[in-house]
Amino acid sequence: MARLLVDRPADRLTIGDMARQLGHSHGAVRNAALTLVRRGEADQGGTGQPEFRANAKTAAAAQTAVISPPGTHSPRAQAATARTTIPAAATPRQTGPIRRAGGQVYHPRELADLPDVEALNRLRDADVPVLLYGPPGTGKTSLVEAAFPDLLTVAGDGDTTVGDLIGEYTQDDAGAYVFQYGPLVTAMTEGRALLIDDATLISPKVLAALYPAMDGRRQIQVKAQGETIKAEPGFYVVAGHNPGVHGAVLTEALASRFSVQIQIGTDYDLALALRIDARVVRVARHLAHQVELGELGWAPQLRELLSYQKTEAVLGTKAALANLVGIAPMEDRDAVADAVMKAVGVKKIAPLTLGKQLPASAARQPPGSTGSAHRGRPR
């Protein structure tokens, strides 16, 4: 891993980039990359998907393969059992924006008369696992990242394996096979929070490897190593579930492991506070109501509204509206287009599409110039 980063010092590589080049699973690569970052031997950036690049210490790390065995890491500084429960009314409320590890800002929302980040931390202190569910783009992952700065994440899908959770053998530069521990083992031995994102896309047989760590046993067996991993105080599991996503199945076994289940929806008042076009927010509210009634299958969530705002700033309002229609599923696109047309008072709007080829002179003009009569009109 370190050698790959050293060989490409100017590049910012994602987990997927490195997994493809190294021939290892995403879970093993993610764990190795985050280990380098924790040791200060690589830098992490990126506003969405994490990106990694070499720093001044990466070259030295590339000289020797180091596998940190479980139990050698420092546990979370303050054990959950050592915390004192304070009545909600007496607890300072963290209502202001919180900057997440990647630099993005999260705006807390109310949950059980508490800021959501505070409520999640109290549930962690009490070792009550939480399942967050709702449409994609509503801020489930953002909330967990804001609440738990020590978070490790497993991005679940149908290809996630037990090795992606617990670990697997990987080949080092000398050709020898060494066991690389996965994020579940790391979270347990370091007393950290673990997010299983899109947990309901993962095979129930794979998720079964997680359950012994969550119940009274708080331990798992790593059969490949013939060892037992015990959870340090502070270890905590939270999961995300998108009910409307194809293939997402919330089994009884999974649901029973999460004593608290919290529905997450888009905060449209927050969207207005972030100065997103009020007409577009009104459209999103209307479409969301239709989804609740079962008349529609899709509505823009906060993620799409923020993307609209960025697109509008770059390409203009007409293009941003056309793109909002274009990202809707085919079966809901006409209804979304009708709602947008009524809200903004236009007679026709279609998905953002390439139009006629521009003359060479017009193509070289900077954005905002008036040399092309049809520039900026969605096709």
Side-chain angles (χ1 to χ4, degrees), residues 47-48 95-98 100 104-113 115-117 132-143 146 240-245 262-353 355 367-368 374-379:
T47 57
T95 57
I98 298 172
R100 293 149 53 197
Q104 307 95 329
V105 173
Y106 179 77
H107 298 264
R109 299 163 64 181
E110 187 175 284
L111 175 62
D113 298 325
D116 51 12
V117 291
L132 305 176
Y133 67 95
T138 50
K140 296 185 291 296
T141 303
S142 301
L143 164 58
H241 167 45
N242 298 319
V245 172
I262 303 169
Q263 183 175 10
I264 307 291
T266 286
D267 184 349
Y268 294 108
D269 291 334
L270 172 59
L272 291 172
L274 295 175
R275 299 185 178 180
I276 297 171
D277 189 331
R279 299 173 302 173
V280 176
V281 176
R282 188 163 59 250
V283 168
R285 283 186 190 271
H286 172 69
L287 295 174
H289 180 63
Q290 288 185 278
V291 171
E292 290 178 2
L293 295 176
E295 300 172 355
L296 204 62
W298 181 86
Q301 304 299 331
L302 186 59
R303 180 186 297 162
E304 287 79 26
L305 295 177
L306 290 171
S307 296
Y308 169 87
Q309 186 180 51
K310 292 179 181 179
T311 305
E312 183 184 35
V314 175
L315 299 180
T317 300
K318 290 183 179 180
L321 290 171
N323 186 60
L324 185 64
V325 171
I327 63 176
M330 288 295 297
E331 60 269 22
D332 297 319
R333 192 169 291 175
D334 289 343
V336 173
D338 288 343
V340 171
M341 287 188 290
K342 291 177 182 178
V344 301
V346 298
K347 294 183 178 180
K348 184 179 180 180
I349 191 165
L352 193 61
T353 308
H374 61 271
R375 177 178 291 277
R377 296 177 185 171
R379 299 286 179 179

Checklist line | Evaluation steps, side-chain contact (heavy atoms from CB on, under 4.5 Å), between V280 and L321 | finding: CA-CA 8 Å; V280 176; L321 290 171; 3.9 Å; yes
Check: Under the 3.5 angstrom rule, does the side chain of K140 hit a backbone N or O of I264 as a donor-acceptor pair?
Finding: no
Note to self: Within the 4.5 Å heavy-atom criterion, are N323 and Y308 side-chain neighbours or not?
What the structure shows: no
Notebook entry, point to check: Under 3.5 Å, is there a donor-acceptor pair linking the side chains of Q301 and T138?
Noted result: no
Next item on the list: Return the minimal non-hydrogen interatomic distance between L287 and P300, and the atom names on each side.
Entry: CD1-CD, 3.7 Å
Checklist line | For I349 against A337, the heavy-atom pair lying closest together | finding: CG2-O, 3.9 Å
Margin query: For the backbone of R109 and the side chain of D116, can you confirm whether one donor and one acceptor N or O come within less than 3.5 Å of each other?
Written below: yes
Notebook entry, point to check: Quick one: does R282's side chain get under 4.5 Å of H286's, heavy atoms only?
Noted result: no
Check: What heavy-atom pair brings V281 and A271 nearest, and what distance separates the two atoms?
Finding: CG2-CB, 4.0 Å
Notebook entry, point to check: Which residue, L111, I98, L132, forms the side chain to side chain contact (heavy atoms under 4.5 Å, CB included) with L143?
Noted result: L132
Item checked: Residue pair R333 / V325, side-chain heavy-atom distance below 4.5 Å -> yes
Notebook entry, point to check: If every non-hydrogen atom of T311 is compared with every non-hydrogen atom of A320, which pair is closest and at what distance?
Noted result: CG2-CA, 3.9 Å
Note to self: Rounded at 0.5 Å granularity, tell me how far OG in S142 sits from CG in L302.
What the structure shows: 8.0 Å
Notebook entry, point to check: Hey, is the main chain of A284 close enough, under 3.5 Å, to the side chain of E304 for a donor-acceptor pair?
Noted result: no
Check: Under a 4.5 Å cut-off applied to non-hydrogen side-chain atoms, are R279 and T317 in contact?
Finding: yes
Item checked: Heavy-atom pair with the smallest gap, counting every atom of K348 and M341 -> CA-SD, 3.5 Å
Next item on the list: Show the numbers, then the answer: is there a side-chain contact (heavy atoms from CB on, under 4.5 Å) between I276 and E312?
Entry: CA-CA 10 Å; I276 297 171; E312 183 184 35; over 6 Å; no
Item checked: Separation between CG of D267 and CG of L272, rounded to the nearest 0.5 Å -> 9.0 Å
Next item on the list: Grab the two heavy atoms, one from V245 and one from P136, that are nearest each other, plus how far apart they are.
Entry: CG2-CG, 3.8 Å
